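A short worksheet on the structure shown next.
Not measured: the values here are computed from a predicted model. Start at 1 with the first residue, then count along the sequence.
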Amino acid sequence: MSLWKSVSRFPELKKRMTDYYVVKGFAEIREQFADWIEQVLINDEESRTGEKPLDQQAKSFYEELKLKIISLSGDHLLKYKFRDICTQFALSQPFELYTYVRSGILQELQALKDMPQNPYMYNLVGGNVNGVGMNTGNPYLSGVGGHLNDVPMAEEGYGLTARIQKLAVDMDNIRVTIQSFQSEQESIYTYFSELNQTRAMMSPQEAQEHDNQFKDQCVILNERRKALVLDLRRVVSEYDTIQDQVIMALKMWQRNQALAGNGAPFLDNLDDIQRCVEMLVDMIAKIQTFVSNLLLMADDPILTELLSHVRSVQRMLVLSSFIVERQPPQVMKTHTRFAAAVRWLIGPQLGLYTNSPSIECVILSEAQAQRHAAHNSTSDMQTSSPPQSSGEILNNVSTMEFQQATRVLSASFRNMQLKKIKRAEKKGTESVMDEKFSLLFYTTVVFNEFKISCWTLSLPVVVIVHGNQEPQSWATITWDNAFSDITREPFQVPEKVRWAQLSVALNTKFGSATGRGLTEENLNFLYEKLFRNEAGEHTEFITWAQFCKEPLPDRTFTFWDWFFAIMKLTKDHLLNLWKEGLIVGFINKRKTLEEILPMQQYGTFLLRFSDSELGGITVAFVDDQGNKLMLAPWTSRDLNIRCLADRIHDLNVLRIVYPKNIPRDEAFASFYSHHVEQTTRDGYVANTIRAHVPAIEGGSVAGTPQHQPQDITMPNFSDFDSILY
């Protein structure tokens, strides 16, 4: 499937990308030649380190595309569009067209990567979600998020570092041109100034000739000046594009940081982004000097406006590069210590570290965060004070330190503690576990002789006071991390998402917690559970209420309560068994008893998570009479007393484990506990606890049923018997 077809499966994304290409009149061309464009650009990127320079690649792409459009029969609209594009791009049309299209391709790649439903679309669900192969089913998504030079998806443009280096060459040429122009202007002015001193001795004809020469030289200088200003504006335009791409790369890093909060793989390329930021800091300072020098030679409204723009862009770079490198815990308990860290990616470039900026941390409610972000987005200077904190945080001040070896300028908060929290009024069914807060990190520095305030917000956090508030709080955070938009207003999230999106979020969450992801069969079962056992095309939306607010049919708990309890049980008690694939887990009870077990030999058993008991696991099996039975679930309380492997070992009726279909002791031997020593101390006889099901064993662990059991779920009439050795 082509990249564009993948994009087209999401109407909102397709519209966004179409709008992007429409700006340059390229929308129809992108769709018409999708396969060819993607193949050429991917191949160019793979061979970028070869002999073919970027400008040659651009020219080759341009000429081949031109031939393809010319060869079209009957589609005059595309030919007209292409002629319109040729007119727009003027002198640099091949390179600009090439880089513009590559930037669009990257945005498509990154948008698809950012949509968690992508692996599910390509039937990639299952396997280890901690591996780097989550996107291997789509060639356009493999390697997303890697090194800035090696993997273009880590930024919003192919070869960003190379592009910065090319711009540096252009800037150096402009510097030489400005120096030459300045020297020539001074020479001309000096020459004619000296002639003016002897003007009284000139004849009227000589004076007129002198004036005409001066005017001619001024016209030439003015034309050169116009050309120089045009070149400078072109450089600033290219710089703007590159800075936008670097800031977008940083935003994607922050987005991936949120996904990592759900357990998604996180390839940290922040050092690469900082290198780009540092280069841009140097470049924009030089550009500002160029513009200022030209203004010193003569007033020019265009240059005055350009200087204002350059300063604004510079401030944007400085402010955007202040980020939370280490996030605080997203479910935060009061009176519990926690840590966080902020980093300023400008490094040593502006010398701000010499004054050791002090960073203060306060906690804001969602409404406060929205107001603060909205207010400061309208002010370039951002000189306002931080809003009043919604709580009291101990040890909330730190100092930025610069590490010369790593060039990292950062501040660490190692021992913060939330002592108090002020909550907003609740509306309707809202609870404290739905309420989002954020930590605001704030500093004031002097930059370009102006005092500015620089701030950044952490990912949203939910504040709790009791451990029993944790499950619902994690529902809030999981939903936010998975489905928030990269440019959202704090902390807006959709009220509903497609199952394809949610399935990947659940798979990621469960896989990161337990070490093994969910199979497609597991996910189908979860789908049925969320949709109340209704079959569907797996394209339906899941609402926030369905996810964690509305009780499941005939139950007192929600889907998330049930899912979270199973995840916790697996992590605490079943981790190794789950990793080894000995637990089927998420499977329908009816399917287990009516479809799977009837096809198995006597003594076969299957481990599945309970539908009726929060955090319960049960054993379904075929006894020696051919009956399909199911033991009452064991919970964390039971497994704290005796582990699951030992319980299975206690019941001799369980002989073959499904789905591996290998003998029980071969599968579970390494998980059995050591037997209790027979020796005694202080006169006590050693003893242990063993699982015992009287209904099928008649009081004897090795015996057979004393009656014919029915094909129904059998309870543990006596959960354990204490048996003396």
K549 atom NZ, neighbour heavy-atom count above 12 within 6.0 Å: yes

Other residues, nucleotides, ligands: >12 heavy atoms within 6.0 Å of R555 CZ: yes

Sidechain N-carboxylate O distance under 4.0 Å for R655, D624: yes

Side-chain touch F671/E580, heavy atoms, less than 4.5 angstrom: yes

Nearest atoms (heavy-atom pairs only) where T592 meets M630: CG2-CE, 4.3 Å

Pair W544 and F483, ring centroids less than 6.0 Å apart: no

Salt bridge present between E595 and K628 (N-O < 4.0 angstrom): no

Cation over ring face, K496 and F541, 6.0 Å, 45°: yes

Side chain to side chain, T556 and P551, heavy atoms closer than 4.5 Å: no

Pair Q625, Y602: side-chain N/O donor-acceptor within cut-off below 3.5 Å: no

Salt-bridge criterion met for R590 and D611 (N-O under 4.0 Å): no

Heavy-atom pair with the smallest gap, counting every atom of L582 and L607: O-CD1, 3.7 Å

Flag for S673-D646: side-chain donor and acceptor within less than 3.5 Å: yes

Heavy atoms from other residues, nucleotides or ligands near CG of N640 exceed 12 (cutoff 6.0 Å): yes

Parallel, tilted or perpendicular, as decided by the 30° and 60° cut-offs, for the rings of F510 and W578: perpendicular

Smallest separation among heavy atoms of K333 and V465, with atom names: CE-O, 3.6 Å

Geometric cation-pi criterion K509 and W474, 6.0 Å radius, 45° cone: yes

From L631, V693, V653, L606, residue fulfilling side-chain contact (heavy atoms from CB on, under 4.5 Å) relative to V619: L631

Contacts table for residues 559-569: side-chain donor-acceptor under 3.5 angstrom, sequence neighbours left out:
residue, atom, partner, partner atom, Å
W560, NE1, P471, O, 2.6
D561, OD2, T558, N, 3.2
D561, OD2, T558, OG1, 3.0
W562, NE1, S610, O, 2.8
K568, NZ, D572, OD2, 2.9

Nearest non-hydrogen partners of N395 and M416, listed with the distance: O-CG, 3.1 Å

Close aromatic pair by centroid cut-off 6.0 Å: Y658 and F605: no

Closest non-hydrogen atom pair between Y672 and A645, with its separation: CE2-O, 3.3 Å

With K579 via salt bridge (charged side-chain N to carboxylate O under 4.0 Å, His left out) - residues at least two apart: none

Nearest heavy atoms of P633 and D638, plus distance in Å: O-OD2, 4.0 Å

Interatomic distance, M433 atom CE to T476 atom OG1 [nearest 0.5 angstrom]: 8.0 Å

